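Okay, so here's the structure we're looking at.
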Amino acid sequence: MSIQFYNSLKREKENFVPIEEGKVGLYTCGPTVYDFAHIGNFRTFMFEDLLKRWLTHLGYRVNHVMNITDVDDKTIKKASAEGISLLDLTTRYTDHFMIDLEWLKMLPANSYPKATNAIPKMIKLIERLLEKGFAYQERDGSVYFNIRSFPDYGRLTHIDIKAQKQGDRVSEDEYDKDAPQDFALWKGWKESDGNVGWDAPWGKGRPGWHIECSAMSSDALGDHFDIHCGGVDNMFPHHENEIAQSQCATGEPFVNVWLHSEFLMVDGGKMSKSLGNFYRISDLRELGFSPESIRYQLLAGHYRSKILFSLDKKHESERIVQRVSDFQLRLIENNADQFSVGLFPEAYSEFKNRMNNDLDTPRALATFFEFMKKINSKLDEQKISEMELGAAWEFLNVFDSIFGFIQSNDFEISQEIEEQLNKRNQARLNKNWAESDSIRKSLHKKGWIVEDTHDGQKIKKA
RNA sequence: GGCGUCGUACCCAAGUGGCUCAAGGGAGCAGUUUGCAAAACUGUCAUUCGCCGGUUCGAAUCCGGCCGACGCCUCCA
């Protein structure tokens with residue numbers, strides 16, 4: 001069975017067929033670096049990371065491009081408010097973003113083009129749109145895209161332009177334009193822009209938001225590529241506008257598959273910076289969340305469903321991380337790694353089918369948990385073959401290469417802890433349970449969990 | 001007003017006409033194991049899928065209505 005995706009453009013699942021066999025061009029809308037990204041932003045980035053990992057596992061060579069929006073209203077406004085340069089501001093938050101990405105164990109994209117580095121490319125695109133009559137200039141130096149010149153406008157979001165209610169914001173727009181819904185390709189320089197601006201044939205200014213993605217995606221992946229992702233809120237107007245610009249400029253189809261991830265909710269509502277009800281990654285770190293437990297929370301629900309992020313789920317996600325991590329240790333203790341010969345257990349094909357079904361992570365997880373239970377059971381009864389152990393090892397490794405739930409067990413035991421363990425062992429041999437229990441308790445307070453097994457005591461980090 | 005999503009156990013969360021079904025996880029309870037714990041495993045945990053009608057031999061799954069929650073239409077993952 002080949003992989004199927006729910007293509008937002010067609011609103012149905014379809015088999016994925018790459019433009020070039022074995023390769024996938026993947027463009028994902030990245031952050032606007034005017035502030036810290038929050039956990040809701042990372043829900044989308046985590047989904048895109050999962051997608052890339054799964055495609056890679058299937059053998060595709062994925063070229064993943066994630067843009068960094070480093071010039072727009074918000075970045076300019078904030079830099080000006082802080083009295084620093086746009087570059088200083090965006091560099092700061094880009095750095096934070098990269099740190100968070102790495103902490104969450106997300107694989108880096110192949111490239112992170114910045115909008116400010118793609119201005120010439122954007123100008124070229126706009127020139128082409130002007131030449132072909134899809135865009136027009138205004139007296140203030142702005143350039144707008146004429147949406148009525150593109151009959152397919154609204155196809156992605158099924159929006160009928162004429163039926164739209166006009167918001168106050170639109171009619172009060174500070175820029176001149178022919179029709180309220182025409183969107184800016186280029187915004188003429190205004191005083192509030194300060195020293196932010198680039199020279200263009202139609203005057204100094206800065207790019208509109210949407211043009212950067214059209215420019216950078218075609219630059220990195222070609223005019224026509226495989227997959228474009230983003231959050232559902234980007235469907236309109238951002239992605240709709242991208243399609244309009246790109247297709248009108250190149251005359252070619254733009255993207256084959258559009259994938260959109262749903263929102264992450266908190267307190268029953270959308271988490272967003274403007275509402276102030278959000279968690280940054282640093283907030284969650286302070287609250288004691290591990291990257292693995294956050295990964296579980298973000299990946300346990302299907303990407304097209306709203307998920308609830310909750311501090312109450314911390315315990316649940318930690319239990320999962322612990323179970324899977326313990327499972328790995330148990331396999332290692334049984335030398336499973338030495339028995340692996342590249343064979344997978346039966347459960348793997350079910351897991352694969354479920355992942356191939358539009359990345360059905362909830363059911364894929366269910367498959368893995370059932371498998372884990374079965375193997376644990378066999379280990380308990382000591383009725384497991386070397387072949388089964390090897391296959392379990394293979395499956396576990398694939399599983400973790402996709403979900404990344406396993407917590408590293410590299411830790412050093414200090415001299416002091418070592419002494420405590422020896423003391424406890426001695427107490428146990430003397431059946432001095434009171435002392436043994438009290439040492440276990442005191443170690444627990446220091447962040448260590450001691451477990452007694454048939455092979456003696458074991459220590460791990462709490 | 002237009003477009004769209006969703007309502008499943010104490011909590012999270014799958015399933016979208018019949019087949020092995022209301023998956024899986026967390027919490028709880030009971031048990032195996034253990035000196036005791038922990039871990040692991042076993043059992044238990046929704047005759048029922050917001051409510052009311054309809055279609056059908058058969059619906060959580062399709063249709064209609066109602067109630068409720070949410071998103072987009074303006075920057076937003």
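In what follows, chains are A, B, ... by sequence order, proteins preceding strands, each numbered from 1. Since this is a predicted model, take the numbers as computed values, not measurements.
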Q. What nucleic acid atoms does Leu379(A) come within less than 4.0 Å of, heavy atoms only: base, sugar-phosphate, or nothing?
A. nothing
Q: Would you indicate what Ser261(A) reaches in the nucleic acid, counting non-hydrogen atoms under 4.0 angstrom: base, sugar-phosphate, or nothing?
A: nothing
**Q.** Derivation and outcome, salt bridge (charged side-chain N to carboxylate O under 4.0 Å, His left out), residues Glu82(A) and Arg92(A)
**A.** CA-CA 13 Å; Glu82(A) 292 194 14; Arg92(A) 180 207 298 167; 2.8 Å; yes
Q | Any donor-acceptor N/O pair under 3.5 Å between G35(B) base and Asp437(A) side chain | A | yes
**Q.** Which nucleotide in G35(B), G71(B), C41(B) has an atom nearest any side-chain atom of Phe263(A)
**A.** G71(B)
Q: Only one of Thr116(A), Thr90(A), Thr91(A) passes side-chain hydrogen bond (donor to acceptor under 3.5 Å, both in side chains) with Asp70(A); say which it is.
A: Thr116(A)
Q: Using only side-chain N and O atoms of Asn41(A), determine if any of them is under 4.0 Å from OP1 or OP2 of A77(B).
A: yes
(Q) Set out, in order, the CA-CA distance, both residues' side-chain angles and the distance that settles salt bridge (charged side-chain N to carboxylate O under 4.0 Å, His left out) for Lys105(A) and Asp400(A), then state yes or no. (A) CA-CA 11 Å; Lys105(A) 296 165 64 169; Asp400(A) 199 56; 5.2 Å; no
Q) Nearest to the side chain of Pro237(A), which nucleotide is it out of C75(B), G35(B), G24(B)? A) C75(B)
Q) Mind checking who C72(B) pairs with, Watson-Crick or G-U wobble, both distances under 3.5 Å? A) G2(B)
Q | Separation of atom NZ in Lys374(A) from atom P in C41(B), rounded to whole Å | A | 14 Å
Q.
For a quick test of reading the model: is some side-chain N or O of Lys373(A) closer than 4.0 Å to OP1 or OP2 of G25(B)?
A. yes
Q: Kindly indicate whether a cation-pi arrangement holds for Arg323(A) with Phe369(A), taking the cut-offs as under 6.0 Å to the six-membered ring centre and within 45° of the axis.
A: yes
Q | Nearest-angstrom distance, C1' atom, U56(B) to C12(B) | A | 34 Å
Q. Which of parallel (below 30°), tilted (30 to 60°) and perpendicular (above 60°) describes Phe399(A) and Phe395(A)?
A. perpendicular
Check the interface with nucleotides 10-14 of chain B: list each N/O to N/O pair with the protein under 3.5 Å, or write none.
{"residue": "C12(B)", "atom": "O2'", "partner": "Lys313(A)", "partner atom": "NZ", "Å": "3.1"}
{"residue": "A14(B)", "atom": "OP1", "partner": "His302(A)", "partner atom": "N", "Å": "3.2"}
{"residue": "A14(B)", "atom": "OP1", "partner": "Ser305(A)", "partner atom": "OG", "Å": "3.2"}

Q. Which base sits across from U42(B) as a Watson-Crick or G-U pair, both distances under 3.5 Å?
A. A30(B)
Q) Watson-Crick or G-U wobble partner for G64(B), using a 3.5 Å limit on both distances? A) C52(B)
Q.
Can you tell me if Arg428(A) touches the phosphate of C36(B), counting only side-chain N or O atoms and a distance under 4.0 Å to OP1 or OP2?
A. no
Q: Determine the Euclidean distance between corresponding C1' atoms of C73(B) and G28(B); express it in Å to zero decimal places.
A: 45 Å
Q. Looking at C75(B), does its base get a donor-acceptor pair with the side chain of Asp233(A) below 3.5 Å?
A. no
**Q.** G7(B) to A13(B) separation - P atoms, rounded to the nearest Å
**A.** 10 Å
Q | Ring centers of Tyr144(A), Phe183(A) separated by less than 6.0 Å | A | no
Would you list the protein and nucleotides 27-31 of chain B atom pairs, both N or O, that sit under 3.5 Å from each other?
{"residue": "A27(B)", "atom": "OP1", "partner": "His315(A)", "partner atom": "NE2", "Å": "2.8"}

Q) With a 4.0 Å cut-off on heavy atoms, is Gly230(A) in touch with a base, just the backbone sugar-phosphate, or nothing at all? A) sugar-phosphate
Q. Could a donor-acceptor pair under 3.5 angstrom be found where the side chain of Arg440(A) meets the base of A37(B)?
A. yes
Q) Looking only at side-chain N and O atoms, does Asn234(A) come under 4.0 Å of OP1 or OP2 in A77(B)? A) no
Q.
Determine whether Asp72(A) and Lys78(A) satisfy the following criterion, salt bridge (charged side-chain N to carboxylate O under 4.0 Å, His left out), listing intermediate values before the conclusion.
A. CA-CA 10 Å; Asp72(A) 80 322; Lys78(A) 188 152 182 183; over 6 Å; no
Q | Nearest-0.5 Å distance that lies between atom CG in Leu389(A) and atom NZ in Lys378(A) | A | 10.0 Å
Q) Only one of Val255(A), Thr28(A), Leu55(A) clears side-chain contact (heavy atoms from CB on, under 4.5 Å) with Ile227(A); which? A) Leu55(A)
Q | Nearest-Å distance once atom P is located in both A77(B) and A40(B) | A | 39 Å
Q) Whole Å only: how far is the CD atom of Gln382(A) from the C1' atom of A40(B)? A) 13 Å
Q.
Counting the atoms with a prime plus P, OP1 and OP2 as sugar-phosphate, which does Gln297(A) contact under 4.0 Å by heavy atoms, base, sugar-phosphate, or nothing?
A. nothing
Q. Is the Lys NZ or Arg CZ of Arg304(A) less than 6.0 Å from the centre of Tyr6(A)'s six-membered ring, within 45° of the axis?
A. yes
Q: Answer with yes or no after comparing the ring centroid distance for Tyr112(A) and Phe97(A) against a 6.0 Å cut-off, counting only values under it.
A: no
